[in-house]
Amino acid sequence: MLRDLRYLFAYTLPLSAVVALYMLGTWSFATLIYAFGIIPILDQAISQQRANESGEEVGERQLVNRFFDWLLYLNVPLLWAIVGYFLFTVAYVPLETYELVGLTLSVGIVAGSLGINVAHELGHRGERFEQWLSQALLLPTLYMHFFVEHNRGHHKHVATPLDPATSRKGELLYTFWVRSVVGGYLNAWGLEQERLSHDGRSWMSLDNQMIRFTLIEAALLTSIALAFGHVALGFFLGQAVVGFLLLESVNYVEHYGLQRQQLPSGRYEPVTPRHSWNSEHEVGRIVLYELTRHADHHFKSNRPYQALRYLPESPELPAGYPASILMALVPPVWFSVMDKRVPEVPQLAA
């Protein structure tokens, strides 16, 4: 039980944003330094744990799953409090240009890692309440369409050319950003149109989640402009871009170069642990609520984060997610490290 308290460490990331907003000055970059400086160092310094818990231990953890759930739920008011603090600070506190840049990066990193990542976990749950919380966490990055495209698009088409969120071997992170952002958004509209058409309903109605999400996001932007002014609105948009590009950077490293074999029938082989890059670096695992055990998540998407397993057949990244993203930002470094690790696609019998 005491071991489960380690997930409280995930709150150090939003805490760093609160420090940035309160201290200002060079502290404005606190989250950037923590996420992409301190965490990678800790990941490399602490030995990796590749063991899974016994069935009895997993069973005990399930008995206290409300603790794990509330760790996720509390991120909703926490994220919105940080966003509100950010908007107030930008609108009413005299700031230097570098402070504005630092705060935008710090809040955007929290909105992308804490917001979208926790939304990702809750979006796979079946309870309506948890799905609503997922959408509330996606709203600060204006990425509510992720709720549609990720669950019904990405998980179906991962590691195939049909998935815009699967990066290809040799593809630049920067071109992947464009392809995944645009492709994911358009796919979400198509998925909703397909769903409504199947049910005999018009896509031009509030039954369309994409229309509802668009109206909600527009209402939020209008409210920010009215309450805090156009300057604050501009910086809000800036942190939203930082947040969703962080998500897309995670997408890039999670499936880089991995492919499912296309069968003679034209269908693709089932998703296996071979189609996701894992990272067993302890600090990154905890801060990201086990997102880095990504292979097991794709194997069973409704498995709660605290029960995700290490799967030895999954390829492993040479570093944690933050350090991997830093490498991906410098394409020659990323390609030299990763391209030789990408496994060949096995040939399947007809």
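These numbers come from the heavy atoms of this one structure, side chains and all, not from hydrogens, waters or symmetry mates. Keep in mind that this is a model prediction, so the values were computed, not measured.
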Please tabulate, for the side chains in residues 104-117, all donor-acceptor contacts under 3.5 angstrom to protein atoms that are two or more places apart in sequence or on a different chain.
residue: Thr104; atom: OG1; partner: Leu100; partner atom: O; Å: 2.7
residue: Ser106; atom: OG; partner: Ser28; partner atom: O; Å: 2.7
residue: Ser106; atom: OG; partner: Thr31; partner atom: N; Å: 3.4
residue: Ser106; atom: OG; partner: Gly102; partner atom: O; Å: 3.1
residue: Ser113; atom: OG; partner: Ile109; partner atom: O; Å: 2.6
residue: Asn117; atom: ND2; partner: Leu288; partner atom: O; Å: 2.8

[X], [atom1]: over 12 other non-hydrogen atoms inside 6.0 angstrom:
X      : atom1 : value
Tyr22  : OH    : no
Glu313 : CD    : yes
Gln262 : CD    : yes
Gln44  : CD    : yes

Among the clusters formed by ILVMFWY side chains lying less than 4.5 Å apart, do [X] and [Y] turn up in the same one?
X      : Y      : result
Ile33  : Leu15  : no
Leu71  : Leu308 : no
Met144 : Ile211 : yes
Val101 : Phe86  : yes
Leu245 : Phe235 : yes

Taking atom [atom1] of [X] and atom [atom2] of [Y], what is their separation to the nearest 0.5 Å?
X      : Y      : atom1 : atom2 : result
Ile325 : Phe36  : CD1   : CZ    : 4.5 Å
Ile286 : His281 : CD1   : NE2   : 13.0 Å
Leu247 : Phe146 : CG    : CZ    : 5.0 Å
Thr141 : Leu246 : OG1   : CG    : 10.0 Å
Gln261 : Thr160 : CD    : OG1   : 12.5 Å
Thr222 : Leu215 : OG1   : CG    : 10.5 Å

Quiz question: by atom type and distance under 3.5 Å, do the side chains of [X] and [Y] form a donor-acceptor pair?
X      : Y      : answer
Tyr256 : Asn251 : no
Asn75  : Tyr289 : yes
His120 : His297 : yes
Ser249 : Trp177 : yes

Check: [Y] main-chain N/O paired with [X] side-chain donor or acceptor under 3.5 Å:
X      : Y      : result
Thr175 : Leu172 : yes
Asn278 : Glu316 : no
Ser197 : Gln193 : no
Glu99  : Gly25  : yes
Gln131 : Arg125 : yes
Thr89  : Tyr85  : yes
Tyr185 : Glu149 : no
Arg152 : Leu191 : yes
Asp43  : Val283 : yes
Arg285 : Glu290 : no

Test question: given the 4.5 Å side-chain rule for I, L, V, M, F, W and Y, name all other residues clustered with [X], or answer none.
X      : value
Val158 : Val271
Tyr268 : Leu162
Leu226 : none

Which residues pass the side chain to side chain donor-acceptor pair (under 3.5 Å) test with [X], not counting sequence neighbours?
X      : result
His157 : none
His275 : Thr272
Ser180 : Glu248
Asp163 : His154, Thr166

Problem - Arg293 bridged to Asp296 by N-O distance under 4.0 Å - result: no
Under the salt bridge (charged side-chain N to carboxylate O under 4.0 Å, His left out) rule, what pairs show up with a residue in [range], not counting sequence neighbours?
range            : value
residues 205-228 : Arg201-Asp207
residues 72-94   : none
residues 77-86   : none
residues 19-34   : none

Exercise for the section: For this output row, return yes or no: ring centroids of Phe147 and His145 closer than 6.0 angstrom. Expected result: no
Practice task
Could you tell me if the ring centre of Phe129 sits under 6.0 Å from that of Tyr73?
Solution key: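 Yes.
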Handout entry: Pairwise side-chain contact, Met338 with Lys169, heavy-atom cut-off 4.5 Å (strictly under)
Key = no
Exercise for the section: Using a 4.5 Å cut-off on heavy atoms from C-beta on, say whether the side chain of Glu269 contacts that of Gln259. Expected result: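 Of all side-chain heavy-atom pairs linking Glu269 with Gln259, none is under 4.5 Å.
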Heavy-atom pair of closest approach, residues [X] and [Y]:
X      : Y      : result
Leu13  : Ala35  : CD1-CB, 4.1 Å
Val83  : Pro140 : CG2-CB, 4.2 Å
Pro315 : Leu258 : CG-CD1, 4.0 Å

Practice task
Fit a plane to each ring of Tyr252 and Trp334, take the angle between them on a 0 to 90° scale, and name the class: parallel (under 30°), tilted (30 to 60°) or perpendicular (over 60°).
Solution key: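 Taking Trp334 first and then Tyr252, their aromatic rings sit tilted (interplane angle of 30° to 60°).
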Practice task
On the 0 to 90° scale, with breaks at 30° and 60°, tag the His294-His298 ring pair as parallel, tilted or perpendicular.
Solution key: perpendicular
Handout entry: side chain to side chain contact (heavy atoms under 4.5 Å, CB included) between Ile41 and Ile38, intermediate numbers included
Key = CA-CA 5 Å; Ile41 292 173; Ile38 296 174; 5.8 Å; no
Handout entry: Test log, rule side chain to side chain contact (heavy atoms under 4.5 Å, CB included), inputs Arg274 and Arg260
Key = CA-CA 9 Å; Arg274 294 184 292 101; Arg260 287 154 60 192; over 6 Å; no
Practice task
Determine the sole option in Thr26, Val19, Leu21 for which the side-chain contact (heavy atoms from CB on, under 4.5 Å) test with Met23 is passed.
Solution key: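 Result: among Thr26, Val19, Leu21, Val19 is the only option passing the side-chain contact (heavy atoms from CB on, under 4.5 Å) with Met23.
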